Structure formats: C-alpha cells, structure tokens
Amino acid sequence: MRYLEVGDKLFNVKRDGFNDFARYSFSEVVSLTKTLAVLKNGVRLVNQPRKSYIISDVGYPVSKNKGAHWHIVTIEAIRDAQVENAKIEAYDWFQEKEFSLKEIMFIHRKFKELEKHLE
C-alpha cells in the first residue's frame, strides 16, 4: 500500500440500491497536502491507504465520508466501466424510445430467431 502522488488516476463506483447500475467516476490527483489528496473533480481524499474489500484491496477514503473510497485505476476497472456504460446506454435508449407496432414486431422476430440459434 502506498500513498497517493500527483498524477495518480483514481476511480469510484456508486450505486443507488442493489438493482441500480454501477456508475463509475474517474479523476486524477492534482495536489497534495500533509494529509489529503485533492482530485481534479474537487474531491478530497485522505491520503492514507486503507483495506477495501468491495472493489479492490486498497482504497482511499473521501475526507469527511470514510464510507466512500476511491481506488487506483486498473485495466479491469476501465473495462468494467465500459461494460456498465454500455448497459446504461441501452437501458436509457429503451426507456426513452417509443416503438411503433412495426418496430415491436421486428424486435420480436429477431428475439425469436436468436432463441432458435441458442437452443
């Protein structure tokens, strides 16, 4: 476990309940004080690595909100964020889209074809 340095890239994941999508935030350390690391997005972290069992082994707690942690960016975190963003985009599109009967029939036919291929 190491202390943060200027230029370190970090991420945080939030959910609004168990059924919500994981929403990733990314930022970078832009300045340090004796005890804090300040991120580009204004978040202030306690520059004291702590064990974090939720996302990765090590997390850096948000100042005045010790339950929220930021983590060093990894390739896996970037991939996970891309997958979650694709899910959110698809979900939002279906929520906002008003389908015509012709479109509904087309989608239904495609799903039926897909079911046949998966059997």
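A quick note: this is a predicted structure, and the numbers were derived from the prediction, not measured.
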Student: Would I75 and I72 show up in the same hydrophobic cluster when neighbours are defined by side-chain heavy atoms closer than 4.5 Å?
Tutor: no
Student: Between R50 and D57, is the closest basic N to carboxylate O distance under 4.0 Å?
Tutor: no
Student: Are side-chain heavy atoms of H69 and V13 found at a separation under 4.5 Å?
Tutor: no
Student: Do V29 and V46 belong to the same hydrophobic cluster, where Ile, Leu, Val, Met, Phe, Trp and Tyr are linked whenever their side-chain heavy atoms lie under 4.5 Å apart, directly or via other members?
Tutor: no
Student: Are V73 and V38 joined in one hydrophobic group, where the rule is that I, L, V, M, F, W and Y side chains link up if heavy atoms are under 4.5 Å apart?
Tutor: no
Student: Between V43 and N41, what is the shortest heavy-atom contact and its length?
Tutor: N-OD1, 3.2 Å
Student: Under 6.0 Å from the CZ atom of F21, do we count more than 12 heavy atoms belonging to anything else shown?
Tutor: yes
Student: Can you measure from CZ (F26) to CG (N12) and round to the nearest 0.5 angstrom?
Tutor: 10.0 Å
Student: Measuring only between side-chain heavy atoms, which start at C-beta, is S27 closer than 4.5 Å to F11?
Tutor: no
Student: Ignoring hydrogens and geometry, is there a side-chain-to-backbone donor-acceptor pair from H71 to V58 under 3.5 Å?
Tutor: yes
Student: Distance from T35 atom OG1 to L45 atom CG, nearest 0.5 Å?
Tutor: 11.0 Å
Student: Got Y24 and K14 here, is their nearest side-chain heavy-atom distance under 4.5 Å?
Tutor: no
Student: Does atom NZ (K66) have a neighbourhood of more than 12 heavy atoms from anything else shown, all under 6.0 Å?
Tutor: yes
Student: Looking at side-chain heavy atoms only, is the closest gap between Q82 and I78 below 4.5 Å?
Tutor: yes
Student: Just wondering, do K97 and E103 contact through their side chains at under 4.5 Å, heavy atoms?
Tutor: yes
Student: Just grab all the salt bridge (Lys or Arg N to Asp or Glu O under 4.0 Å) pairs involving residues 19-29, residues at least two apart or on different chains.
Tutor: K9-E28, D20-R23
Student: Are W70 and V62 side-chain neighbours, meaning at least one heavy-atom pair lies under 4.5 Å?
Tutor: yes
Student: So, are E113 and K116 salt-bridged, with charged N and O less than 4.0 Å apart?
Tutor: no
Student: Do you reckon M105 sits in the same ILVMFWY cluster as F111, going by side-chain contacts under 4.5 Å, direct or chained?
Tutor: no
Student: Please enumerate all residues that pass salt bridge (charged side-chain N to carboxylate O under 4.0 Å, His left out) together with R79, with sequence neighbours excluded.
Tutor: none
Student: Would a line drawn from the ring center of W93 to the ring center of F99 be shorter than 6.0 Å?
Tutor: yes
Student: Distance check, rounded to the nearest 0.5 Å: L114 atom CG versus R109 atom CZ?
Tutor: 13.5 Å
Student: I want to check something: taking the side chain as every heavy atom from C-beta on, are V6 and V30 in contact at a cut-off of under 4.5 Å?
Tutor: no
Student: Using modelled atom types and a 3.5 Å cut-off, is there a donor and acceptor pairing between side-chain atoms of N47 and backbone atoms of L32?
Tutor: no
Student: Hey, could you give me the NZ/OG distance between K40 and S31, rounded to the nearest 0.5 Å?
Tutor: 12.0 Å
Student: Are the side chains of Y60 and L4 in touch, meaning some heavy atoms are under 4.5 Å apart?
Tutor: yes
